[in-house]
2 protein chains.
Amino acid sequence: MDNLDRGILDLLRQNARAGYGDIGGVVGLSASAVKRRVDKLVADRVIRGFTIQVDPAIDGMSTEAYVELFCRGTVAPEELLRILSGVPEVVDAGTVTGSADAIVHIRARDISGLEAALEKVRLAPNVDHTRSAIVLSRLIHRAAE
Amino acid sequence: MDNLDRGILDLLRQNARAGYGDIGGVVGLSASAVKRRVDKLVADRVIRGFTIQVDPAIDGMSTEAYVELFCRGTVAPEELLRILSGVPEVVDAGTVTGSADAIVHIRARDISGLEAALEKVRLAPNVDHTRSAIVLSRLIHRAAE
DNA sequence: CTCGGAATGGACAATCTAGACCGCGGCATT
DNA sequence: AATGCCGCGGTCTAGATTGTCCATTCCGAG
């Protein structure tokens with residue numbers, strides 16, 4: 001696992017169908033060397049699989065928001081975790097630096113689903129207020145679902 | 001977009017490197033018919049891209065940030081997409097409501113990797129400034145991002 | 001300096017892709 | 001009913017890519 005492997009992983013992340021020759025041209029290896037490394041990365045389970053990113057609109061969960069969470073006083077991460085794990089629409093969440101205490105990524109079927117999920121988050125004790133940024137158009141979605 | 005397309009998407013989700021012939025054998029089409037449909041799905045942006053799933057532990061991509069992007073004037077989503085797709089550390093991004101133009105979710109190996117990725121985003125024309133919230137502790141992680 | 005192991009690059013056959021071409025069936029027009 | 005058009009699938013072929021071989025190079029140990 002060296003910088004060559006990391007370069008290969010970066011390229012494959014961008015386009016998992018790039019040819020070995022093309023990858024080699026960028027990282028400075030021959031096609032066969034790249035193939036050997038990719039095979040090894042797969043065998044070592046560093047690469048878990050090759051997959052596609054599908055338009056989220058297809059599976060109907062196309063309304064998203066990033067929500068900043070502001071709490072009263074100090075709130076332990078465990079407390080936040082307890083609150084958020086009860087809301088299935090929460091895709092992603094973490095405590096963060098800055099004025100907000102946490103950022104929560106919510107994905108729902110539509111705006112009313114989003115509102116309902118937000119309501120559940122807000123109902124939690126210690127949550128002072130939230131600030132939402134609703135996603136207008138999704139640009140990148142590298143998550144493999 | 002019919003059941004054949006859905007079958008193809010399912011197979012590609014499981015293994016994006018499957019050959020057209022193999023896919024066709026499962027869904028009941030010839031290789032070229034499958035290729036035509038896949039090409040169309042890509043052209044229609046139903047398939048957003050081909051990527052790999054990397055073991056987060058081995059890869060050590062554990063430093064994350066949510067970055068608000070503020071642009072000068074109006075920026076077309078396509079322009080933002082062009083900029084951001086060149087930065088592999090960008091996991092997730094979308095234009096949003098609110099004062100920021102877009103929110104970008106970045107995952108890097110460490111703080112310096114984060115800084116480098118941020119630098120790449122900032123270098124883009126029209127990007128006025130950014131505001132980052134670095135993730136301190138990850139609470140929820142439902143998507144295999 | 002020499003040895004041994006690991007990794008590389010080149011060569012080649014097998015395989016797969018990309019695109020052209022043709023045929024079939026549905027549909028609107030005449 | 002006949003005609004022409006259009007979408008979709010199958011077959012075929014040239015070209016690119018993959019998978020695998022082996023000789024060579026590189027690097028650290030002794």
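Residue numbering restarts at 1 for every chain, and letters A, B, ... go by the order of the sequence lines.
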To the nearest Å, how far apart are R37(A) CZ and dT18(D) C1'? 19 Å
Counting only distance, no hydrogens or angles, is the base of dG10(C) paired donor-acceptor with the side chain of S30(A) under 3.5 Å? no
Could you walk me through whether D10(B) and R13(B) pass the side-chain contact (heavy atoms from CB on, under 4.5 Å) test, one step at a time? CA-CA 5 Å; D10(B) 280 347; R13(B) 252 195 277 259; 3.6 Å; yes
What is the distance, rounded to the nearest whole Å, between atom CG of L4(B) and atom P of dG7(D)? 18 Å
Given dT17(C), is OP1 or OP2 found less than 4.0 Å from the side-chain N or O atoms of R17(A)? no
Distance check needed: dA18(C) P versus I23(B) CD1, whole Å only. 12 Å
Taking K40(B) first and then D44(B), would you say they form a salt bridge - that is, a charged N and a carboxylate O separated by under 4.0 Å? yes
Under-4.0 Å salt bridge between K35(A) and D39(A): yes
Does a side-chain N-to-carboxylate-O contact under 4.0 Å join E64(A) and R138(A)? yes
At under 4.0 Å, does any side-chain N or O of Y20(A) touch on OP1 or OP2 of dG19(D)? yes
Please give, in whole Å, the distance from dG10(C) C1' to L29(A) CG? 14 Å
Are K35(A) and dT18(D) close enough that a side-chain N or O sits under 4.0 Å from OP1 or OP2? no
Is the base of dG7(D) touched by the side chain of R36(B) through a donor-acceptor pair closer than 3.5 angstrom? no
Any donor-acceptor pair under 3.5 Å between the side chain of S32(A) and the base of dG19(D)? no
For D2(B) and dG7(D), what is the distance between atoms CG and P respectively, to the nearest whole Å? 15 Å
Once you round it to whole Å, what is the distance between P of dA18(C) and CG of D39(B)? 7 Å
Starting at atom CG of D22(B), determine the distance to atom C1' of dT18(D), rounded to an integer number of angstrom. 14 Å
